[in-house]
> 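Below is one structure. I have some questions about it.
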Amino acid sequence: MPGRTSPGRLLRRLFLTAYIGLSVPVLRLGVGTLYVSQRLALLGFAAVLIGICAVVSRRLLRR
C-alpha cells in the first residue's frame, strides 16, 4: 500500500532524529567555546533553551 511506512523506516527516522537532536547542540556549544569563554557559551546555550521552552509552552497552552 502506498500510504504505509515500514517499521524499519520509522525506527530509522526515530534514531536519526534522536542522534541529530543530541549531537547538534553539543557541537554548537563546542564551536561556541572556540570563540567565547565557556561561561558565556553556556549562558547563551541556556538562554536559547529557555526561549525554546517558552515558545513551546505558549503553543501548548493555547490548545
Side-chain angles (χ1 to χ4, degrees):
M1 298 187 147
R4 294 205 171 178
T5 306
S6 69
R9 276 191 154 170
L10 290 175
L11 283 174
R12 185 178 65 196
R13 287 181 187 168
L14 173 71
F15 283 110
L16 180 63
T17 305
Y19 179 75
I20 290 171
L22 289 172
S23 63
V24 169
V26 172
L27 291 173
R28 285 189 176 179
L29 189 57
V31 170
T33 58
L34 295 175
Y35 299 104
V36 295
S37 68
Q38 288 180 356
R39 185 176 185 165
L40 187 59
L42 284 173
L43 283 173
F45 183 70
V48 169
L49 285 180
I50 290 171
I52 290 171
C53 288
V55 169
V56 169
S57 63
R58 262 190 164 170
R59 288 184 182 178
L60 287 175
L61 289 175
R62 285 186 190 169
R63 292 183 181 186

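Values below: every heavy atom of this structure, side chains too, minus hydrogens, waters and symmetry copies.
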> Kindly list each side-chain donor-acceptor pair under 3.5 angstrom involving residues 29-41, sequence neighbours excluded, with atom names and distances?
| residue | atom | partner | partner atom | Å |
| --- | --- | --- | --- | --- |
| T33 | OG1 | G30 | O | 2.6 |
| S37 | OG | L40 | N | 3.2 |

> Measuring from atom CZ of R12 to atom OG1 of T17, what distance do you get when rounded to the nearest 0.5 angstrom?
11.0 Å
> For the CG atom of L16 and the CG atom of L11, what is their distance to the nearest 0.5 Å?
12.5 Å
> With V24, which residues qualify under side-chain contact (heavy atoms from CB on, under 4.5 Å), at least two apart?
I20, R28
> Which atom pairs, donor and acceptor, lie under 3.5 Å between side-chain atoms of residues 47-59 and protein residues at least two apart or in another chain?
| residue | atom | partner | partner atom | Å |
| --- | --- | --- | --- | --- |
| S57 | OG | C53 | O | 3.0 |
| S57 | OG | A54 | O | 3.0 |

